[in-house]
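Heads up, the thing below is written out as structure tokens.
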Amino acid sequence: MNFAMEIIQDGFFAAVAAVGFASISNPPKSAYPWCAAIAAVGHPVRFVLMESADCHIALASLAAALAIGCLAVFSAPAAKCPAEAISFPALLPMIPGMYAYRTFQNLVLCLCCGEGEFHHYFYLTSYNLLTCIVVLLVMAIGVTLPIFVFKKISFKATRYI
Amino acid sequence: MMRMSSRTCSLEGRQLQMTEACLFLSEYAALMLGCGATCIRIEKNVRRMARAMGMRPVLVIMPSSVELTLWDREHRLSSCNTEPIHRKGIRFDMNTRLSSLSWELADGKVTFDEARRRFAVISRLKPANKWLILILASLANASFCRLFGGDLVSMGIVLAATLAGFRLRQIMLEDGIDIRLVFAISAFVSSVIGSAGYVFGIGETPDVALGTSILYLIPGIPYLNSMSDLLDGHYLSFLSRFMDAAVLTACLSAGLCGGLLAMSIKWF
């Protein structure tokens with residue numbers, strides 16, 4: 001499969017994932033198409049940066065979150081809902097879930113193993129925890145930055161519903 | 001004497017008005033916090049409405065309550081109320097309508113009484129159809145499996161695992177079972193079904209199927225909300241939301257470990 005096809009596929013499945021996970025947090029109906037469209041742009045940004053530019057997951061997530069944040073702020077008035085009602089669900093496919101639960105699993109393994117393996121599991125616990133927190137933080141920075149920069153647009157999106 | 005008595009009456013009327021406004025705004029803030037709004041949005045919405053009514057608000061957001069003090073412009077009268085959070089789960093539909101209501105009140109499009117009536121309607125809004133959410137969430141998790149490089153068989157396994165686990169989560173939450181137990185049990189069931197690739201030797205990517213089968217339980221929005229509060233300097237709210245999400249993640253990890261033990265899978 002060529003790279004362009006992989007990017008399209010990544011965007012498509014990210015859009016389905018964003019809509020599905022968004023439905024759990026009950027967004028307004030008008031937000032669904034925007035969530036899908038923005039996730040379909042944002043997730044491939046991370047995919048391309050990680051696959052072709054060999055970027056670290058944190059840096060790639062920051063770039064993708066910035067793209068999602070900017071798109072969400074400018075589409076919030078059209079979607080007639082707060083910017084975070086679009087951007088947060090669109091970010092959900094990028095939440096470092098595996099890092100989060102592997103942190104706890106490796107923590108348990110730290111306690112159940114001998115001295116030799118302890119260092120390995122402790123390294124895995126720290127690595128997963130740090131990656132999870134850093135990725136979450138940069139995602140939040142990336143998505144929040146446009147909200148703060150374009151305050152007038154983002155906080156007035158619900159004014160004329 | 002007459003002038004003093006009429007002034008007292010007007011002060012009493014104004015005080016009553018402030019008390020009603022304080023009750024409304026604190027309930028509003030508690031509902032916004034309970035439906036997963038970020039602290040910056042809650043503060044902005046409350047400030048917008050209070051200023052439109054000629055008052056100055058001081059809002060303190062605690063992990064399980066909000067405290068609002070309203071002052072009049074001359075700093076003579078005040079009213080204070082502490083309201084416990086009205087927990088509703090993450091509800092962006094409520095967040096949107098409440099934000100819109102704050103603008104309508106601030107722009108003078110609705111009266112205070114009408115705003116209170118609308119607030120009562122919004123607080124009773126029902127969540128989206130549970131069957132639709134079940135199907136969408138299951139499809140989402142199957143797509144997630146694909147994003148992690150899973151093949152079609154793994155996607156099918158994840159779809160089945162999510163359908164079962166998510167439905168169980170819905171039933172148990174409706175029955176009022178503690179959310180931490182709900183997460184552990186749902187993760188256990190999803191991981192047992194998600195291990196089908198290993199047990200029956202089907203598919204090329206059983207590890208991806210098992211790893212993604214429980215990802216629908218990760219509390220993504222609370223994690224993002226907590227980070228948003230951190231960036232805005234609301235450290236108490238950040239810590240409270242982050243720890244809530246971390247506890248749920250620990251519970252689902254425990255459920256996953258239980259599932260792996262039950263199926264005798266050495267995944268690490």
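Lettering follows sequence order; numbering is per chain, from 1.
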| Interface residues of residues 126-138 of chain B facing chain A - heavy atom cut-off under 4.5 Å | B:Pro127, B:Ala128, B:Ile133, B:Leu136, B:Ala137
| note | For residues 215-226 of chain B against chain A, heavy atoms under 4.5 Å, the residues are B:Leu215, B:Tyr216, B:Ile218, B:Gly220, B:Ile221, B:Tyr223, B:Leu224, B:Asn225
Which pairs of donor and acceptor atoms, one on a side chain in residues 108-115 of chain A, lie under 3.5 Å apart (sequence neighbours left out)?
none

| remark: When the 4.5 angstrom heavy-atom criterion is applied to B:Leu125 and chain A, the contacting part is neither
With a 4.5 Å limit on heavy-atom distance, are the side chains of [X] and [Y] in contact?
X	Y	value
B:Leu230	A:Leu137	yes
A:Leu92	B:Phe144	no
A:Gln105	B:Leu260	yes
B:Arg41	A:Pro82	yes
B:Phe92	A:Cys81	no

Which heavy atom of [X] sits nearest a heavy atom of [Y], and at what distance?
X	Y	answer
A:Ala17	B:Ser143	N-CB, 4.1 Å
A:Tyr101	B:Ser253	CB-OG, 3.2 Å
A:Lys80	B:Thr96	O-CG2, 3.6 Å

Would you say that more than 12 heavy atoms from the other residues, nucleotides or ligands in this model lie under 6.0 Å from the [atom1] of [X], or not?
X	atom1	answer
B:Arg167	CZ	yes
A:Tyr32	OH	yes
A:Phe12	CZ	no
B:Glu114	CD	yes
A:His119	NE2	no

| note | So, the part of A:Pro89 with a heavy atom under 4.5 Å from chain B: the answer is both
| query | Relative to chain B, which segment of A:Leu91 carries a heavy atom at a distance below 4.5 Å: side chain, backbone, both, or neither? | reply | side chain
| task | Go through B:Leu231 and A:Leu145 one step at a time and tell me if the side-chain contact (heavy atoms from CB on, under 4.5 Å) criterion holds. | result | CA-CA 10 Å; B:Leu231 295 175; A:Leu145 209 61; over 6 Å; no
| field | Choice from B:Ser228, B:Ala140, B:Ala250 maximising heavy atom contacts with chain A below 4.5 Å | value | B:Ala140
| Evaluation steps, side-chain contact (heavy atoms from CB on, under 4.5 Å), between B:Met94 and A:Asn26 | CA-CA 8 Å; B:Met94 277 189 179; A:Asn26 293 278; over 6 Å; no
| query | Can you tell me how far CG of B:Asp93 sits from NZ of A:Lys29, rounded to the nearest 0.5 angstrom? | reply | 10.0 Å
| message | With rounding to the nearest 0.5 angstrom, report the CG to CZ distance, B:Leu139 to A:Phe21. | response | 10.5 Å
Would you be so kind as to tabulate the donor-acceptor pairs closer than 3.5 Å made by side chains of residues 55-72 of chain A, with sequence neighbours excluded?
| unit_1 | atom_1 | unit_2 | atom_2 | d |
| --- | --- | --- | --- | --- |
| A:His56 | ND1 | A:Ala58 | N | 3.0 |
| A:Ser61 | OG | A:Arg46 | NH1 | 3.4 |
| A:Ser61 | OG | A:Ile57 | O | 2.6 |

| query | For A:Phe13 and B:Met155, what are the C-alpha separation, side-chain angles and deciding distance, and is it a side-chain contact (heavy atoms from CB on, under 4.5 Å)? | reply | CA-CA 12 Å; A:Phe13 285 112; B:Met155 284 175 76; 3.8 Å; yes
| query | Is there a side-chain contact (heavy atoms from CB on, under 4.5 Å) between A:Phe47 and B:Leu147 once you walk through the steps? | reply | CA-CA 10 Å; A:Phe47 176 75; B:Leu147 287 176; over 6 Å; no
